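One structure below.
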Amino acid sequence: MLNNNNNCANQLIEAEAQSWDHILSYLRPSCIKCAIQLGIPDILHKNVNPIMSLSDLIAALPNLNPSKTTFIPILMRVLVDFGLFKYHQQQGDGYSLTSVGRLLVENDLSGKRSFFLFAQHPVVLNTASSVGDWLRDDLLTAFETAHGKSHWDYCGEEPEFNGVFNDAMAGDSRLISNLLITDCCAGVFEGLTSLVDIGGGTGAVAMAIAEAFPSLKCIVLDLPHVIGDRKGSGNLEFVAGSMFDKIPHANAILLKWILHNWDDGDCVTLLKKCKESIPSKEKGGKVIIIDIVMEDNCSNDQLVQSQHLMDLLMRITYASKERTEKEWEKLFLDAGFSGYKIITSLGLRSLIEIYP
């Protein structure tokens, strides 16, 4: 009987520990955002020595109220817990960047800083907090419940939010660009003479590809309010327009994180448009997709959880979803493509080729 009581007590303690973690988890992104606003990742990155003392860090923080300096070690302690920084007690209470913290450095080529700030934007947070209300109304998305219009309409009408969104996409694109031009992916572009990056935003991916492959003409297609007054040069061109209206002809089309924003019907429509704009498989025509294949990387629990959360985000923001390999295959076949191949995993996402 005593053992049963002990087991029940241990289970209750474990359950309480997990519940407190959920209760207090809202503080994690707030503390990380605070670190970004103070410039802590950048200060540690620019420091001459890899380890920076607490006193030197405090002295380097801009516009810090002197009466608040005692809070900095408290903030740093939780940021160490989150894995952003490493604490070096033997080096005089010093701190250094971890590989995770380095992703928050401004203008880091593989950084997630802009995407993190987008995720903490009030418009995004209000969408997440409206899910309960959305489940009881008849609107298509929680975004509409919170803001009275679709995400795309909101971007078109609110320049500030549109800028934050485009910065996030560009930051993510820089990370993907680094992977695309490495040996593991570069073969995807061999033999191509032209490529259209659909929904390519500010052109981060296309610019990297154009630079890495000077003989490959790269075209960025996106909406007029995204393209703005951007002009291409050399083998890079910007075209303003809707991907559902007209897609420039090319050897290949790139869809990076585009299809997960649309439902199955819209995806099939778009893929059919893509198929009309590329040559046959025999002549090298293909569509290159970078998107999530649900639970494709099942050995990494953290990635799988992130895929599940991304699927939830797509459903409440765009009335779309992430897809399993079988769901992707059905889309490709419904759009008239003859086959596909998952080339490689890019962490959260995968690189897929589909052939007409």
Side-chain angles (χ1 to χ4, degrees), residues 152 169 173 176-177 180-181 185-210 212-228 230-291 318 320 323 327-343 349-356:
W152 303 119
M169 296 304 105
S173 293
I176 290 295
S177 300
L180 284 178
I181 60 177
C185 298
V188 171
F189 305 105
E190 287 182 4
L192 297 179
T193 58
S194 56
L195 173 79
V196 178
D197 182 5
I198 291 183
T202 57
V205 171
M207 282 188 276
I209 296 172
F213 302 93
S215 61
L216 176 58
K217 181 182 179 181
C218 295
I219 301 169
V220 179
L221 174 68
D222 216 316
L223 295 170
H225 71 264
V226 177
I227 296 295
R230 290 181 175 84
K231 304 294 181 184
S233 61
N235 61 327
L236 179 67
E237 180 183 350
F238 287 89
V239 174
S242 170
M243 59 190 179
F244 289 106
D245 292 337
K246 184 179 180 181
I247 298 172
H249 287 272
N251 288 143
I253 290 173
L254 175 64
L255 294 165
K256 172 199 160 288
W257 239 7
I258 299 297
L259 296 175
H260 76 158
N261 291 329
W262 302 92
D263 64 26
D264 289 351
D266 286 330
C267 284
V268 170
T269 298
L270 177 56
L271 288 170
K272 286 181 177 179
K273 285 277 187 183
C274 292
K275 188 169 181 287
E276 293 170 0
S277 298
I278 58 175
S280 66
K281 180 181 178 181
E282 291 71 27
K283 294 183 178 179
K286 62 183 176 181
V287 177
I288 304 163
I289 297 170
I290 298 172
D291 229 314
Y318 307 104
S320 59
R323 295 174 172 90
E327 289 172 320
W328 281 118
E329 182 179 31
K330 186 176 187 306
L331 283 186
F332 304 152
L333 294 176
D334 287 350
F337 285 84
S338 63
Y340 73 96
K341 182 180 179 182
I342 298 177
I343 303 296
R349 289 157 287 191
S350 296
L351 192 152
I352 310 169
E353 284 188 354
I354 59 174
Y355 313 106

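Since the structure is predicted, the reported quantities are computational estimates derived from the model, not experimental observations. As a basis for the values below, the full set of heavy atoms in this structure was taken, side chains included, without hydrogen atoms, waters or symmetry mates.
- Of the candidates V196, I290, I198, L254 forms a side chain to side chain contact (heavy atoms under 4.5 Å, CB included) with just one, namely I290.
- L195 places none of its side-chain heavy atoms less than 4.5 Å from the side chain of N251.
- In this structure, the side chains of I289 and F332 come closer than 4.5 Å at one or more pairs of heavy atoms.
- Side-chain contact between F213 and L192 is absent, with no heavy-atom pair separated by less than 4.5 Å.
- Scored by the side-chain contact (heavy atoms from CB on, under 4.5 Å) test, A240 finds P224, I227 as partners (sequence neighbours excluded).
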Verdict with supporting geometry, D291 and R323, salt bridge (charged side-chain N to carboxylate O under 4.0 Å, His left out)
CA-CA 9 Å; D291 229 314; R323 295 174 172 90; over 6 Å; no
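- Every salt bridge (charged side-chain N to carboxylate O under 4.0 Å, His left out) that K330 has, sequence neighbours left out, goes to D334.
- Considering NE2 of H260 and CZ of R349, their distance stands at 8.0 Å, rounded to 0.5 Å.
- Applying the side-chain contact (heavy atoms from CB on, under 4.5 Å) rule to S233 yields no partners; only residues at least two apart in sequence or on another chain are considered.
- Scanning for salt bridge (charged side-chain N to carboxylate O under 4.0 Å, His left out) contacts around K273 gives an empty result, with sequence neighbours left out.
- Of the inter-residue distances, the one linking K256 atom NZ with D197 atom CG reads 8.5 Å to the nearest 0.5 angstrom.
- Between the T193 side chain and the L216 main chain, no donor and acceptor come within less than 3.5 Å of each other.
- Rounded to the nearest 0.5 angstrom, M243 CE and D222 CG are separated by 8.0 Å.
- Residues satisfying the salt bridge (charged side-chain N to carboxylate O under 4.0 Å, His left out) criterion with E276, sequence neighbours excluded, are absent altogether.
- By the 30° and 60° cut-offs, the orientation of the rings of W262 relative to F244 is perpendicular.
- Counting only heavy atoms from C-beta outward, the side chains of L259 and L331 never approach each other to under 4.5 Å.
- Annotation: side chain of W328 is not in contact with side chain of I354 (no heavy-atom distance under 4.5 Å).
- Applying the salt bridge (charged side-chain N to carboxylate O under 4.0 Å, His left out) test to E329 and every residue at least two apart in sequence or in another chain returns nothing.
- Between S194 and I219, the closest side-chain pair of non-hydrogen atoms is not below 4.5 Å.
- Side chain of N235 to backbone of A210: a donor-acceptor contact under 3.5 angstrom is found.
- Side-chain contact of N261 with S320: a donor-acceptor pair under 3.5 Å is absent, judged by distance alone.
- Closest heavy-atom contact between I209 and C218: CG2-SG, 3.9 Å.
- From K275, atom NZ reaches atom OG of S280 across 10.0 Å, with rounding to the nearest 0.5 Å.
- Surrounding NZ of K286 are more than 12 heavy atoms belonging to other residues, nucleotides or ligands, all under 6.0 Å away.
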